[in-house]
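Note that these values count all heavy atoms, side chains included, but never hydrogens, waters or copies made by symmetry. Here is how names work: the chains are called A, B, and so on, in the same order as the sequence lines, proteins then strands, and each is numbered from 1.
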Protein chains: 2
Amino acid sequence: MDVNKSPETSIREVPGVRVTTQRRLLLDLIRQAGGHLDADELYRRARGREPRLSLSTVYRSLRLFKELGLVEEVHYSREHLHFEAKSPKDHYHIICLSCGQVEEFESRLAQEMKSEVGEKLDFQITGADLQLSGYCSRCRLERSSGSGSEE
Amino acid sequence: MDVNKSPETSIREVPGVRVTTQRRLLLDLIRQAGGHLDADELYRRARGREPRLSLSTVYRSLRLFKELGLVEEVHYSREHLHFEAKSPKDHYHIICLSCGQVEEFESRLAQEMKSEVGEKLDFQITGADLQLSGYCSRCRLERSSGSGSEE
DNA sequence: CTAAGTGCAAAGTATTTGCAATTGG
DNA sequence: CCAATTGCAAATACTTTGCACTTAG
């Protein structure tokens, strides 16, 4: 499938692709989630409203959305597919290794880095996936003040 | 290739953990590879020298090495586990979407970004995983010069 | 109406685990 | 010697696929 337009807002305009109840629901949920859903979590949420929905439809839809540029795949770990709604500006992720919370951030430095590296290696850079990891303030407090339990 | 000091240069010093032929071989191969091996590739290479080696040993060793801080897991895709020997300085990856080649790069901007973001979000940042993607010069030439062949 | 999409079950991959046999220290 | 490790096969976990039925357009 070839769709080289800017991020679509809807499925409607793609010829041959139908708007189904399931797809509408799934896309809604992804967008409402504000990011960071894996297939299974999405499935669980979707079943609340559409109990007959199957996991394979979730996977198929996710793949479709990705092809259409409606969502983006993010690699947090090797364990699941993670997706989130595509948003207009670049943003990246930072994950707390202790509590697992994921926050988004932006940074002009990322832009700079893209140009710099692109120039140096003679790459035309089209995407960037940046993930930082560390410990959020809350977890640091707990650590320093309390008992040490580690993974 | 020199592999002098890393967090942990060898398994030897860890009590209860044994140095086996398999582990030595695997760690050697990972370090020689200079980066970017997935479990299966490592398995294939290792069997050349140790044909009775099993895939599960590869997985178990990889997990052990990661726990010991000897190797690092990198998420290129959801499809495989990728590992590489832990190296003293940060470096990141850029992948060509057309031919798939992966190159490494460094950038002081990454450092800056870590501090900046860490400060802004009040995170203590311990790791960064940066991946850029785009098209290398060779593939760009092929593209622009002629026949439209796509993957 | 009919091509596109769905649910379900079965098939794939990649990775992990149980266990008897082996081996490092 | 004996706990750690291994190889093998079976088990898991996640994702994809085949197919008959349903549905959007």
Side-chain angles (χ1 to χ4, degrees), chain A residues 1-3 8 10-30 36-68 70-83 151, chain B residues 10-30 36-68 70-71 73-83:
Chain A
M1 183 164 301
D2 173 75
V3 182
E8 296 287 341
S10 105
I11 297 172
R12 207 147 314 169
E13 45 228 75
V14 186
V17 175
R18 290 180 184 171
V19 181
T20 65
T21 320
Q22 293 91 330
R23 289 179 180 170
R24 207 169 0 221
L25 169 59
L26 291 172
L27 198 47
D28 267 9
L29 287 175
I30 295 171
H36 326 125
L37 278 177
D38 62 41
D40 202 61
E41 174 63 20
L42 179 57
Y43 176 54
R44 241 173 290 125
R45 295 190 189 186
R47 289 195 104 182
R49 287 204 240 158
E50 194 77 39
R52 308 204 25 137
L53 184 89
S54 78
L55 229 201
S56 30
T57 296
V58 172
Y59 279 109
R60 284 190 279 228
S61 302
L62 247 14
R63 212 192 322 168
L64 175 70
F65 297 161
K66 193 175 64 165
E67 277 162 6
L68 297 181
L70 294 167
V71 304
E72 216 159 10
E73 200 178 314
V74 187
H75 306 298
Y76 289 125
S77 76
R78 63 197 144 87
E79 278 151 4
H80 305 280
L81 282 176
H82 284 253
F83 285 89
E151 227 282 272
Chain B
S10 102
I11 297 172
R12 206 147 314 166
E13 44 227 77
V14 186
V17 175
R18 289 182 185 171
V19 181
T20 65
T21 319
Q22 293 91 330
R23 288 179 181 168
R24 209 173 354 228
L25 169 60
L26 291 172
L27 198 47
D28 267 10
L29 287 174
I30 296 171
H36 325 127
L37 278 177
D38 62 41
D40 204 60
E41 175 62 20
L42 179 57
Y43 177 53
R44 240 172 291 125
R45 295 189 188 186
R47 288 195 104 183
R49 286 205 240 159
E50 192 78 40
R52 308 203 26 136
L53 184 89
S54 78
L55 230 201
S56 28
T57 295
V58 172
Y59 279 110
R60 284 190 278 228
S61 302
L62 246 15
R63 214 195 317 169
L64 176 70
F65 297 160
K66 192 174 64 166
E67 276 162 10
L68 296 182
L70 295 167
V71 304
E73 201 178 312
V74 187
H75 306 298
Y76 289 126
S77 76
R78 64 196 144 85
E79 278 152 7
H80 303 281
L81 282 176
H82 284 253
F83 286 88

*To the nearest 10 degrees, how far apart in direction are the end axes of the helix from dC1(C)-dG25(D) to dG25(C)-dC1(D), each fit to five base pairs?*
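The end-segment axes of the helix from dC1(C)-dG25(D) to dG25(C)-dC1(D) are tilted 40° relative to each other.
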*Give the rounded distance in Å between these two atoms: CG of L64(B) and C1' of dT16(C).*
15 Å
*Any Y59(B) side-chain N or O less than 4.0 Å from OP1/OP2 of dT16(C)*: no
*Flag for R47(A)-Y43(A): side-chain donor and acceptor within less than 3.5 Å*: yes
_Rounded distance in Å - CG (L25(A)) to P (dG7(C))_ =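 Distance check: L25(A) CG to dG7(C) P gives 11 Å.
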*Results of side chain to side chain donor-acceptor pair (under 3.5 Å) for T21(A) - residues two or more places apart only*: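 Per chain and number, T21(A) pairs via side chain to side chain donor-acceptor pair (under 3.5 Å) with no residue.
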*Could you check how far CG of L55(A) sits from C1' of dC14(D), rounded to whole Å?*
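Spelled out: CG on L55(A) to C1' on dC14(D) is 9 Å.
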*In whole angstrom, what separates L37(B)'s CG from dT15(C)'s P?*
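Atom-to-atom, L37(B) to dT15(C), this comes out as 13 Å.
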*Look up atom CG in L27(A) and atom CG in L64(A), then write down how far apart they are to the nearest 0.5 Å.*
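Going from CG on L27(A) over to CG on L64(A), the span is 9.5 Å.
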Could you pull out every donor-acceptor pair under 3.5 Å between side chains of residues 48-55 of chain A and any protein atom, sequence neighbours left out?
from: S54(A); atom 1: OG; to: S56(A); atom 2: OG; distance (Å): 3.2
from: S54(A); atom 1: OG; to: T57(A); atom 2: N; distance (Å): 3.3
from: S54(A); atom 1: OG; to: T57(A); atom 2: OG1; distance (Å): 3.2

*Whole-Å distance between dG5(C) P and E67(A) CD?*
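Computing the E67(A):CD to dG5(C):P distance gives 11 Å.
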*Return the minimal non-hydrogen interatomic distance between L25(A) and A46(A), and the atom names on each side.*
CD2-O, 3.7 Å
*dG7(C) phosphate, OP1 or OP2: any side-chain N/O from Q22(A) under 4.0 angstrom?*
yes
*Round to a whole Å and report the spacing from CZ of R24(B) to C1' of dT5(D).*
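Taking atom C1' of dT5(D) as the reference, CZ of R24(B) is at 14 Å.
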*asked:* In this structure, how many angstroms lie between the P atom of dA13(D) and the CG atom of D38(A), rounded?
replied: 14 Å
_L42(A) side, atom CG; L29(A) side, atom CG - distance, nearest 0.5 Å_ =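 If we round to the nearest 0.5 Å, L42(A):CG and L29(A):CG are 6.0 Å apart.
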_Results of salt bridge (charged side-chain N to carboxylate O under 4.0 Å, His left out) for E41(B) - residues two or more places apart only_ = R44(B), R45(B)
_For a quick check, with a 4.0 angstrom heavy-atom cut-off, what is the B/S/- contact string for nucleotides 20-25 of chain D, read 5' to 3'?_
---BBS
Shorter than 3.5 Å, N or O on both sides, protein versus nucleotides 8-11 of chain C: list them out with atom names.
from: dC8(C); atom 1: N4; to: S56(A); atom 2: OG; distance (Å): 3.2

*Map T57(B) and G16(B) onto DNA chain D by nearest heavy atom, then report which one ends up closer to the 5' terminus.*
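Closest to the 5' end, via its nearest nucleotide, is G16(B).
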_So which atom in R18(A) and which in R23(A) form the shortest heavy-atom distance, rounded to 0.1 Å?_
O-NH1, 2.8 Å
*Which heavy-atom pair separates V71(A) from L62(A) by the least distance, and what is that distance?*
CG2-O, 4.2 Å
*Could you give the CG-to-P distance, from L62(B) to dT16(C), as a whole number of Å?*
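Answer to the nearest Å: 9 Å.
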